[in-house]
Amino acid sequence: MSRDIQEKIAQLTQELNEYNYQYYVLANSVISDYDFDIKLKELETLEKQFPEYKDPNSPTAKIGGDITSKFETARHRWPMLSLSNTYNEQELRDFDERVQKAIGTQVQYVCELKFDGLSISLTYEHGKLAKAVTRGDGIQGDIVTQNVRTIRNIPHQLKHGSYPDTFEIRGEIFMHKAAFLRLNKERAENEEQTYANPRNFASGTIKLQDSAEVAKRPLDCFLYFLYADNRSRIFSSHWESLMAVRSWGFPICEHVSLCNNIDEVLDFVHLWDTQRHQLSYDIDGIVVKVNDFAYQEELGFTAKSPRWATSFKFKAERVETTLKAVTYQIGRTGAVTPVANLKPVLLAGTTVKRASLHNANEIQRLDLHEGDTVYVEKGGEIIPKVMGVNFEKRPENAAVIVYPTTCPECGTPLLRQEGEAVHYCPNEYGCRPQIVGKLQHFIGRKMMDIQGLGNETIETFYSLGLISKISDIYTLKDRKDELVHIERFGQKSIENMLTGIEQSKEKPFEKVLFALGIRHVGETVAKKLAAHFKSLQNLQAASIEELAAVQDIGIRIAESIHHYLKQESHLIELHKLAEAGLQFEIVEKEVVLAGNGLSGKTFLISGVFENYSREELTALIESHGGKMLSGISAKLNFLVAGDKMGPSKLVKAEKMKVPIISEQDLLNMINT
Ligand code: IVH
C-alpha cells in the first residue's frame, strides 16, 4: 500500500512538472486547467497524508505555503559580479577593441537582452532544484529556495539530458508589465503601498516570508549563465551552453543572437533600442558576452566585473511638456495625492496626460511653478514621473505651486503624521470622496461583494442622503418606501440589492476586516489578522506590540489598526454592524479526517457551496477514496449540487437518474 502511494506521488510529481514545463516554458497547453487542478489537488492531498514521500521539488511547491521566518544566507561559490556599462556606440567599439587586443583576433559575441529584475543563482543537484540564492552583496546572498519554487517557469526537475551532477545557473527574476499594472492597481485600490516599477515589485516579492503570497504574484525568470566544474570541457562556448540548458528545460529568452563582429552587435543594440517597448517585460539595455569560454578565461575579471562582457544601457526615454495644472485626489482613507495634469505628449509608445507628483516634498523638491515646462520620464518604463523642470522655459512671474493646507474637497485642515510623507484629510465622515470611496470599497468584489449594489448606486444613495456610513447599507431594507421613488430603480432591482445585502452577512471575518477600509489594511493583512486573532474582540484587546508581532505586519500597520479601533465613531459603527449580523469572528470549518468511505463511488461537483470551495470538496472526496468524473454519464454515482448551478446539468442528471446530493449529504456520507 505505502509503496503504491509512494509511486503515485512520484508519478503525479513527474507528470505535473512536465505539464508546467510545457505550459510555462514552451507555451503549450496540453491539459485543461480543470484537469491540472484536480491532479494537483490529488497530489497535495496525498502529500499531506504522507509527507515522508513528498519531493521538495513537488509541483505543489508552486502554490507556496512554507513560511520562512528569517532567510539564511549562503556564500556564492563563484562571486556574483556586476557588468561594466557602455552608453554609446563608441564605448561599445572601445570594448571590442580591448577584447581584440587581448585575444589577438576578432571574436564572436553573444548578445542578450538585459532584463530589469533581480539576479538569482540556482543550484541543481542530480537534475533537481536544490537551492536558490539572491545576489546579496555578490559574495553571499539570501537562500530563497521556497519562494523561487513558486515561479512557474523555473524547472523543479530537469528533463533528461547530459547535465553535470551539480551545477549552478544564473538568471534574472522579473515581473511582466501587465501583471505589475494589475497587481499595483489592486494594491492602490486597497490603499496598500504600491511599487514604483516591476523590478521593485519582483524584488519585494522574492523577500516575502510567506511563499503562498509569493505564488500569488506572478514572477517569471530567464536564465543566462551556466557555471559548473570543468564547464569548458563540456561546452566550448556560451552559445553552446545556452542551447544545451534550453534543451534541459530552462527558460532561455528567444531574443539572443550570435554575432560575428561588433557591427552585428550594434545592429542588435539598435534593433532593441527601438523595439523594447513591444516586449511584455522591461529591459534596460543589452548584454554583450564574448562567446568562446577559452577566450573568457583568458580575459578574466577586474575586481568588479568580467572583462569578457559589458552592457549597453539604453537612455531612459524623457520628453518635455507643459504643466497645465496640479490637482489633488483624495483617497478613501483621506490620503491626498497631487497629480500633474500635462499637455498630452507621446512617451515610450503611449500618450501621457498625467503624472504622479507623490507628495508635498516632491513638489517642493521640483520647485514647481504654474505653466512650467517639465521633463517627464517613465519610471521602470511604465509610470510617468515628473523628473525636473526646464527653468529656462519658465514663464515670467509664474506663481510657485503651493501644496494646500486644507482639503481641496471639504476645506478641513490637512494633517501629516510624523515620519510620513503623505498628508491626510481627517474629516472621515464629512468629506465626499472619502465617504463615497469607503462605501464603494466596502461593497467591492473582493470585500463584501454585494450583488445588486454598484458604485453608481452608492453615489446616488449618498447624494440623496440615504447612506453616509457603512452601517446605513444594512438599514436600507427598512426604507423601501424611499427607494421606490428613485428614478431607474425598479422593484426588482431593489429586491436584488436587498438580497445581496442580506447575503453579505455571511462573508467571513477576514473579508469584513478588509472591507472596513482601515488605512494600510489590505487583503493580505486582513487575512493574517483574522487568522491570528480569530475575532474582533481579540483584535481590540491587542496592543501595538502584539499586532506588530504578527508575521508581515509592521509597526506602521499595527499603529494604524490600533488607532482605528480606539476611535469612538468606529466603535459605534462596528457595534451597529455586529448588530446587523456581520461576521466578527472566524467560524472554524469542521475538520474531516481522511478515510476510504467513498471508495468505488464516482462524483461530479457543480455550483457554489456553503462551507467548502470546489477544490476543497474535490480533495475531500478523493482523500476518502472517491473518484471525480468530469461530466454526467452512466458511470456517475452522485452529482453534488451547490448554488448557482446551471439548469442543464440538473435536467441531464435527472434524466439519467443520477442521485443529486447536497454538500451536507456528502459530509454525512463521509462521516458515516
Ligand atoms: S550576465 C558576470 N546577462 O545585469 C555578470 N546579466 O549589471 C553576469 N542582467 O547582475 C551577468 N540581464 O542581474 C547577464 N542577459 C543578462 C542579463 C544580466 C540582466 C543583470 C544581472 C547582473 C546585472 C549586471
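We count ligands from 1, going down the list as the structure has it; atoms in each ligand are counted the same way.
Each of Leu81, Leu83, Glu112, Leu113, Lys114, Phe115, Ser119, Glu172, Tyr224, Val287, Lys289, Pro306 has a non-hydrogen atom positioned under 4.0 Å from some atom of ligand 1.
In plain terms, the two heavy atoms of Leu347 and Glu377 that are nearest each other are CD2-C, 4.0 Å.
With sequence neighbours left out, His176 forms a ring-ring contact (aromatic ring centres under 6.0 Å, His included) with Phe174, Tyr281.
One side chain, Thr205 or Arg217, offers a donor N or O that lies under 3.5 Å from an acceptor on the other. Donor-acceptor pairing under 3.5 Å is recorded for the side chains of Thr60 and Glu47.
With Phe225 as the fixed residue, the ring pair (Phe, Tyr, Trp, His ring centres under 6.0 Å) test singles out one of Phe235, Trp308, Phe250, Trp78: Trp308.
Using cut-offs of 30° and 60° for the angle between ring planes, the Phe180 and Phe201 rings count as perpendicular.
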